[in-house]
Amino acid sequence: MKSLPVYPQPQRPRFWRSLEELEGIERREETSQEALAWAKGMDRRELFKFGGVSLALAGLTACTRQPTEKIIPYVRQPEEIKPGTPLFFATAMPLSGYATGLLVESHMGRPTKVEGNPLHPASLGATDLFSQASIYGLYDPDRSQSLTYLGEIRAWPAFLSAMRLAVEKAREKKGAGLRILTETVGSPTLGAQLRALLMELPEAKWHQWEPANRDNAWAGAAMAFGQPLDPVLDVSKADVILSLDADFFSCGPGHLKSVADFAARRRTRNRTAMNRLYCVEAAPGVTGASADHRLPMRASQVEAFARTVAALVGGGGGGASSASPFAQAVAEDLKAHRGKSLVVAGDYQPPAVHAIAHALNDALGNTGQTVSWIEPIPVKPESHADSFRRLVADMESGAVETLVIVGGNPAFTAPGDLGFAKALDKVKVSAHLSLHQDETSTLCRWHVPEAHYLESWSDARAFDGTASILQPLIAPLYGGKTAHEVIAALTSQPERTSYEIVRDYWKDRMGGDFEGAWRRALHDGVIEGSASARKTVRAGSTTGREGQAPPLRHEAGGRTDLEIQFRADPTVYDGRFANNGWLQELPKAVTKLTWDNAVLLAPATAKKLNVASEDVLRLTWDGRSVEAPAWIVPGHAEDSATLHFGYGRTHAGTLGSKTGFSASALQSSKALAGGSGLEIAKAGRTYALVTTQHHQNMEGRAIVRAATLEEFEKTPEFAHEMEEAPGPEESMYAHYPPHEYAWAMAIDLNACTGCGACTLACQAENNIPTVGKKEVSRGHAMHWIRVDRYFEGSEANPATYHQPVPCMHCENAPCELVCPVGATVHSAEGLNDMVYNRCVGTRYCANNCPYKVRHFNYFHYGTQFRPPSMRMLANPEVTVRWRGVMEKCTYCVQRITVAKIGAEKENRRVRDGEIVTACQQACPAKAIVFGDLADASSEVSNARKSPANYGLLEDLGTRPRTTYLAAVRNPNPSLEKTGVWDVERKTS
Amino acid sequence: MSDLEPTTPGGPTDREIIGPGHTFGSVTDKISSIVLTRKTPMFWTVGFGIGFLLTILMLFAIGTLFVRGVGIWGVNAPVGWGFAIVNFVWWIGIGHAGTLISAILLLLRQEWRTSINRFAEAMTLFAVAQAGMYPILHLGRPWLAYWLTPYPNTMALWPQWRSPLVWDVFAVSTYATVSLLFWFVGLIPDLATLRDRSKKKLPQIVYGMLAMGWRGSAMHWHRYDMAYLLLAGIATPLVVSVHTVVSFDFTIGIIPGWHSTIFPPYFVAGAIYGGFAMVLTIAIPLRAVYRLEDFVTLRHLQNMAKILLATGLIVGYGYMIEAFMSWYSGSPYEKFMMWNRMTGPYAPIFWGLMLCNIVTPQFLWWKSVRTSPLGLWIIAVIVNIGMWLERFVIVITSLHRDFLPSSWGMYYPTGFDWATYIGTIGFFVALFFLFIRFLPMISIFEMRTLVPEAEAVKEPEP
Amino acid sequence: MKPRRPPHPLHGLLAEFETPGNLIEAARRAREAGYTRMDAYTPYPIHELTEALALPRTKLPLIVFAGGAIGCATALGMQWFSAVVHYPINVGGRPLASWPSFIPITFELTVLFAAIAAVLGMLGLNGLPMPFHPVFSVPRFALASRDRFFLAIESTDPKFDTARTAEFLRSLGAREVNEVER
């Protein structure tokens, strides 16, 4: 308890809370001083010190604790298993009901790194931001560590008896008054448990709520097919893709597979026909940035656009005459690729748009080709908005006596119009299972610390239905409980462990030899043949669907025609990752903001409103208002403002609290995605936002080199014509003799979507510290591989390019030349080595590095900002750097060494592809290739042979070992003539 | 004390380098009495007090730096060097005038150097002392600074000889040593004078020890002259080399705005420029308060003003060529760098520099300005500021926007940056006040060679 | 080789003159009179005395040159040995023996060694530091560092004879002649 800052008790009616308030006051005095310090506004260093010291015991004892049940390691090289070498265990991370399969590296029973599971359909060996960073959440020092009743520590049995009491009371009324609130339940076992419970207590109700839900998708499917269904996309088969405000590269079921399939068709070096992506969206996203044609469009215009395209494709009259050239071009392109095209609708678009998209795919004969349909993965596909609204209504009417909230943080995520927090007062018995003592916990009477998924037995299913068993990598650090155990607490056998529950569920579902199947399931991370059967469905024709379409957008009756749209935050998602330092510090793909969210506006709109970035705005919508800083984003749709919910947490923890503003306060349960009628007024203040990239354009320098497919086919070596560079042999000095190995990296700018997974993976692998908002703002960020983002063209609708920049490992390295103590020197294998303990910190090397990829420990980041529990997270293979020392990308030299030792043991050369750098491993687009140049047949050698291969700032004669494959976009010739921007003008 | 008043009312004209009517005795008594007999004046106490307090401020800033780390300064990525290096180059530059006056002007037989070389050399020493601190302070791990020097160790670890920072270590330490030797050798005969003239025991012992038993034997003087001449001959190329090496810190780098062949000559010119400005800044008040108009005459001031003007023009030429070359190079990076200096976020500093270093010295074309101590002093101070701005422009504006626009950033000094800078100025002042209190600020034995009695027996120069 | 004479009770005789001119004149006359073991003490260097007393050339320049040469060799040797022999490693793809980069340090060490040689050489040849010297025992000698000029004829001079030499010195216009105790 001591490590947790004590927060002011929430406001409640005095008549029955006075006692607790008294207690609360006493507690605030007699327990933890950091509450006082907090009031004083202590800096993160001190706070971590407090948190850390108190945690040391729990944390350090935990690091040797093994789960009692047998778990099966994922064996990479079975014949080489040795103590001291890390083991890899397969598990999966559930997020909003869908699983991503993972392999978790474990050093002596201490999980240190999350990697993708190649056998898992939703991972294919890659990871997204959330799974990559989830291990930080496991060791988060602010995690809740004890079960509490009204803030007082209680034992698990006390909770069990309390629950039994409540359930017995409810049983008399067949369960009436008992409510369970979960997030999207994707675990079959949990689903079965809940079903069983409801069977037993028919009057009890199970509600689901999370803000980033699939309400629209399911409603749309219902409109099209008469039942909610989940799509399984096969982007690899699609030549032409149309995204209707769908950011299906960065989130949503199977996004990692979609990226992989998309990127596979973009590589200039393997001669597959290149696909073409059209994207209409309001806020520039990862998908839009990779699009060949992106059209900024207010969310409300998307449906009209979709209808036009549908009409053009279906040959029906509807709006075809007034169709914009863009819509016509898209329609033509789609028609020209029947069966080989794909239309995707975004989760935040109204059901009608989904229906139209489905119908379009049908009409184009894509169904069964590029998209097929399965039963929804989540156990109960229902509208979260409705389910939640019903619950709150019942709570207000007093119909709810017992509310068990399993996961989630409704008190924070609830739309502002519902007043969930107030309604919660009316509930007599409320319990909340969560990782943190968060906003909801402080409002509930019971709080149960949740077990992190890396501490849990459970199961989950991928976007295509493939099921995985979640196995714990470590026993719960703080005695957390799983959802299974909490639900079990409501049944007649409250003591069952989740291990038993999960095993029992699968016993009769895993066929003949259960033990064997179980072992294999744990080992592989997937249950063989568990993928759902494809359904053959027909969507009705697009025409005539207008009638059925529900009211499109919520009109809040504001005076302006300004539009507001809510989206989950790109890095902290719906707020559950707010206390995750890695995600907080990761620059958001397009805005490059860290540690904050902002109101995203188009430059033109900002000009119209006379608003500059960092001006604090007062947003009023639907009768509620919040104050938030503005951030101008080139390429954003005009007259529209994008707000990311997930920030503005008050009880997130040391890092997450008091960052950003809460957008959910402004949200409406009637229109979660937002709507029109937004009013914006300047508050007259400014708020400092922190970005890692201040300058957005290339100043006409050949940094990211791009061309159209046409140009590329005409002159494949265009990248070299953009800048003359000295040839490899043009040097004043004789080259050093070649060595057995020559490590090199090639990054395919055509495949990179700029998601930032590489940055996180690198941070996790190399013990890179997070430094906090203030330090980032002072230019002290530490990421070894950063993703630069450049805009090109008009600010209203620029082309966006992403460029990951790790150390170039120059063969004539400017940094090495100027180091006075030889702390950075060249290895025979071509690595630009950094000798930490020789470095005195003149920073001359960083000054002289033209790529600015060297990062300096201005303070004692490595340990100051790292409480003991976080030290368990550190990768033992990598030094934790000291204050005053320079650091930078090493090409994951520790992985190179491991591979070389292995190869030497077998007396052979390292095989191509045997060494996988952390960034390469995480990249869903497989944009990063690493290997040995001395081996002419290696993948990296081939990549460098490509005519599109070029070195960054090669003209300086640095001879970089990291090279880039130029970006090649595949625009529609009929649109190129006018240029996308002109088209957009005509449409609006 | 009658011998302190100028012997001719109104003092010497701007042609003489010593007031009329002085004898061996009068120069000796006048200068040595400042140290030995006169009671410490008020302004000394005040001046030294201020210097001392600022020194305490500096120590506080340095203490914090060592405890918390170099992050308390404004340095960041991309601007890895900030005030520390700016001040380092500024102080080193100031030092140059001293050596120049004592060495080069000696070789050129410029007799007017005699009365100013002593405190000019002291200024050099104290300035180098300030400069020498910065490269160590700005290290991430200052306690390991000795790794930059070659010393025997079991791990075969040596400095990396290709790094200009190592050259710096050798250049600056050599410069400091040679300046100290030069200064001390010059002091020996005067220390003997103080030994013989002091009435109290303690000074007699201290000065006696420092004088090492100097007795003015003809053979000694003979070797002494030779040694002094040789030192001057050695120090002359040294003074040129030191700032050249300092400029290598930048020219060896590949950063646009650093990577330039013009740096060595115009760094040296700049150093002399700033150095003489500092000599004037110190000499003018000094001659006023200690009534030394007889020894530091208007002619001295005029000559220094002329050197100021000449070096000022060289520096201006340097700026011009730098701008021209960045355009002529055709390199987009170079062009942008110059354009960014003139119009970028740091443009005011660039134009301020032009105002201070190019425009201001033009007033020195007028003799009326050159011979007006107050006017000269104001110009000198402005030039000192200008030279500091020059180093700021070179270090910061080159770094903050280099090759990849994605990594562009800004540099803002923190309170600790300022505290350290102002602190070293205070330290410099404190040291200087100690010097004028305890050592003859003008070379007595050399002044003796200027009095008429000495002139009488001199053979005409060959 | 004649037998060594017993040490003379006096160090020599010290004659005080008012002006440098008198001193130079006196020195010249004394040498013409055949005195060889003489020394003059003046408040500032008087070049004319060099020939008046026929002082030998000093070998200081040689010492300084030697110092410089040693410095140069040391610098080049140290850099070459450490970069090529002792700790050879690829730095920025430059050759191990990057001679141009070795020049600045070579220069600096040359200067440093030469300067130190000059100062130590001068002090050494002058036999300094020498806290005591017989001439200091003459009270008026303190003026040698102000405005008086002294000529000493030492007892080791073969022509030295206390009475006659003193007489001779007075004849040169010495303001005063003192016996210097040993």
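Protein chains get the first letters and strands the later ones, always in sequence-line order, with residue 1 at the start of each.
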For the residue pair C/Val91 and A/Tyr736, what are the closest heavy atoms and their distance? N-OH, 4.5 Å
Other residues, nucleotides, ligands: >12 heavy atoms within 6.0 Å of C/Lys59 NZ: no
Going from CD on A/Glu811 to CG on C/Asn90, what distance comes out if it is rounded to the nearest 0.5 angstrom? 9.0 Å
Can you confirm whether C/Phe81 is buried at CZ, in the sense that more than 12 heavy atoms of other residues, nucleotides or ligands lie under 6.0 Å from that atom? yes
Between A/Asn812 and C/Arg94, is any pair of side-chain heavy atoms under 4.5 Å apart? yes
